[in-house]
Amino acid sequence: MNDDTLTLYYYNDGLSESERQRVANALATDASVAKRYQALCRDLEGLVDADIGAPPADMVQRWHEGLDRAAGIETQAAPRPAVHSWSFMLGVAVTAALAVGVGIGVIISGSEQTVVPVMEELIVSSPEARGSSAFIRGLQVHLRESEQGLSTLPANTESDRALLILNIIEQNRMFERAAEQNDSESLARVLRAFELVLVRLAADDITPEEAEELRAKLLFEFNVVLTKLTRNTSDEQQSI
Amino acid sequence: MKSAVPPTRAEFHEAISSRSDRWYAACLKITRNQDLAEDAVQEALLSAWNKRHQFQHTARLETWIHRIAVNAALQQLRKNRPGIFESLETDVPDETDTPERAQHEQDLSNELSAAFRVLSEVERVCFVLKHLEQWRLKEISDELDIKIDTVKQAIFRAVKKLRVQMQGLQGEPQ
């Protein structure tokens, strides 16, 4: 029995059932075959995946931009950001330098005590903030898609509504965690406040009137934040 | 949970940010060329985006894109080296040292990747698809449009060469 057959046995591919049985018998009865197979396994397991470094940040940025173009999103004409890291979380880590000043106005919905945030100010004040474009873009996409989803909410079935809101909540949490990890607590607070409203919106006992009121408020808030983010990315250093 | 909802742009962006290093690494191992690997990932993303409604949520989005990227890398290789998979007889390792190649080797700064230098194109591609990407022999045969026995022979030769090469590397003094 040669090593080629043992190689196919190792990969569990390319041998018929009877051939596999023949190899198994040989391994059980022939010590020299078993020894050669052990050596083969050891060598193959040593041929581990190469630890290739991360792709350059500008390359990753091009992939993001290509996707945006494909999705029909108008990308900003700003120069390519000097991203310092390729991964999302590391990309987000750059936002540690992002000074986000957020004033949160609070509207208390009288009967339900549901908190809806109003973002009054969002300032990107650091040059390093340019490195946060991936995060900001992702947040914009999340908000746009959430707006879109919420717009179609009344026409959906109950189960579709719940699924849609749960998806929005899941995405929202992702951005909330990213903001928290980068000391953008004020931004995280806004996103947390969105979640409270979304959770209420998904509740079984909500009346159609309350649902419509919350939906309208959320749409308004998302739109406000989106407008500010869009203005901000096209005009760095500008207080919005 | 299975869902008919196609992946969102945000999910695509998240996948790029978290997993594009793996897609790129797989494409680079197949093409051994940074530009081709970058193009392969870009094509894969656009293709996946355009086909997102076909995405089955039984798989993970990044895994789905990974597979598309590997296919795109193979297409890049075919496009740039027509007939590359057609003949094993003419398939010899390219050991020419050029600045570009040196750069690629630096990018592939791993013992296994360095050992790839002793492999021919077909041997390397078949080995990468089988051993690292864990494709079935039939899938490799279909994708490369070569006989399954040719795939097997390429893998056998690759394994033999790599075992010798890796033992040599391990035996070298530090």
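Each chain gets a letter, A, B and so on, in the order its sequence line appears, and its residues count up from 1. The analysis underlying the following values was restricted to heavy atoms, covering all of them including side chains, and did not include hydrogens, waters or symmetry mates.
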Exercise. Let me see the working for A:Asp13 and B:Lys130 under salt bridge (Lys or Arg N to Asp or Glu O under 4.0 Å), right down to the final yes or no.
Key: CA-CA 10 Å; A:Asp13 194 7; B:Lys130 180 72 228 172; 2.7 Å; yes

Of all the heavy-atom pairs spanning [X] and [Y], show the shortest one and how long it is.
X: B:Arg136; Y: A:Tyr11; value: NH1-O, 4.2 Å
X: A:Leu67; Y: B:Arg9; value: CD2-O, 4.2 Å
X: B:Gln42; Y: A:Arg62; value: OE1-O, 3.2 Å

Quiz item: Any side-chain heavy atom of A:Asp4 sitting closer than 4.5 Å to one from B:Lys152?
Solution: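 Heavy-atom side-chain distance check fails, nothing below 4.5 Å.
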
Quiz item: A:Val60 versus B:Ser17: any side-chain heavy-atom pair under 4.5 Å?
Solution: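 SC-SC contact between A:Val60 and B:Ser17 ruled out.
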
Self-check item: chain A neighbours within residues 61-70 of chain B, where any heavy atom lies under 4.5 Å away
Solution: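 The stretch does not come within 4.5 Å of chain A.
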
Self-check item: Pairing of B:Arg163 and A:Asp3 as salt bridge, 4.0 angstrom limit
Solution: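 Judged by the 4.0 Å cut-off on N to carboxylate O distance, B:Arg163 and A:Asp3 do form a salt bridge.
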
Quiz item: Does B:Lys147 have any side-chain contact (heavy atoms from CB on, under 4.5 Å) partners at least two apart in sequence or in another chain, and if so, which?
Solution: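 side-chain contact (heavy atoms from CB on, under 4.5 Å) check on B:Lys147 returns B:Thr150.
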
Quiz prompt | Backbone of B:Glu38 reached by a side-chain donor or acceptor of A:Trp63 within 3.5 Å | solution =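 Answer holds: yes.
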
Quiz item: Is it true that a side-chain atom of A:Glu145 and a backbone atom of B:Thr8 form a donor plus acceptor pair closer than 3.5 Å?
Solution: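 Not confirmed, A:Glu145 side chain does not pair with B:Thr8 backbone.
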
Quiz item: So which part of A:Leu139 gets closer than 4.5 Å to some heavy atom of chain B, the side chain, the backbone, both or neither?
Solution: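 Contact with chain B involves no heavy atom of A:Leu139 at all.
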
Exercise. Give, as side chain, backbone, both or neither, the part of B:Trp135 having an atom under 4.5 angstrom from any heavy atom of chain A.
Key: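 Backbone of B:Trp135 only, per the 4.5 Å heavy-atom cut-off to chain A.
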
Quiz item: Checking B:Ile148 against chain A: side chain, backbone, both or neither under 4.5 Å from a heavy atom?
Solution: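 Neither the backbone nor the side chain of B:Ile148 comes within 4.5 Å of chain A.
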
Quiz item: Which residues satisfy the ring pair (Phe, Tyr, Trp, His ring centres under 6.0 Å) test with B:Phe156, sequence neighbours excluded?
Solution: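 For B:Phe156 there are no ring pair (Phe, Tyr, Trp, His ring centres under 6.0 Å) partners, ignoring immediate neighbours.
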
Quiz prompt | Spacing of B:Leu162 atom CG and A:Asp43 atom CG [to the nearest 0.5 Å] | solution =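 Going from the CG atom of B:Leu162 to the CG atom of A:Asp43 covers 10.0 Å.
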
Quiz item: When rounded to the nearest 0.5 angstrom, what is the spacing between CD in A:Glu45 and NE2 in B:His131?
Solution: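 One finds 8.5 Å between CD of A:Glu45 and NE2 of B:His131.
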
Quiz prompt | Heavy-atom pairs under 4.5 Å with chain B, option from A:Leu44, A:Thr7, A:Asn12 with the top count | solution =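 So the answer, after comparing A:Leu44, A:Thr7, A:Asn12, is A:Leu44.
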
Exercise. Determine whether more than 12 heavy atoms belonging to other residues, nucleotides or ligands lie under 6.0 Å from atom NZ of B:Lys138.
Key: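 No - once you tally the heavy atoms of other residues, nucleotides and ligands closer than 6.0 Å, there are 12 at most.
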
Practice problem: Please test B:Val159 against A:Leu40 for side chain to side chain contact (heavy atoms under 4.5 Å, CB included), starting from the C-alpha separation and ending with a verdict. | Solution: CA-CA 9 Å; B:Val159 168; A:Leu40 175 69; 4.2 Å; yes

Quiz item: Can you check side chain to side chain contact (heavy atoms under 4.5 Å, CB included) on B:Ser20 and A:Met59, steps first, answer last?
Solution: CA-CA 10 Å; B:Ser20 61; A:Met59 190 185 286; over 6 Å; no

Which side-chain N or O atoms in residues 43-52 of chain B pair as donor and acceptor under 3.5 Å with protein atoms at least two apart or in another chain?
| residue | atom | partner | partner atom | Å |
| --- | --- | --- | --- | --- |
| B:Glu43 | OE2 | B:Gln76 | NE2 | 2.9 |
| B:Asn50 | ND2 | B:Leu46 | O | 3.2 |
| B:Arg52 | NH1 | B:Trp49 | O | 2.8 |

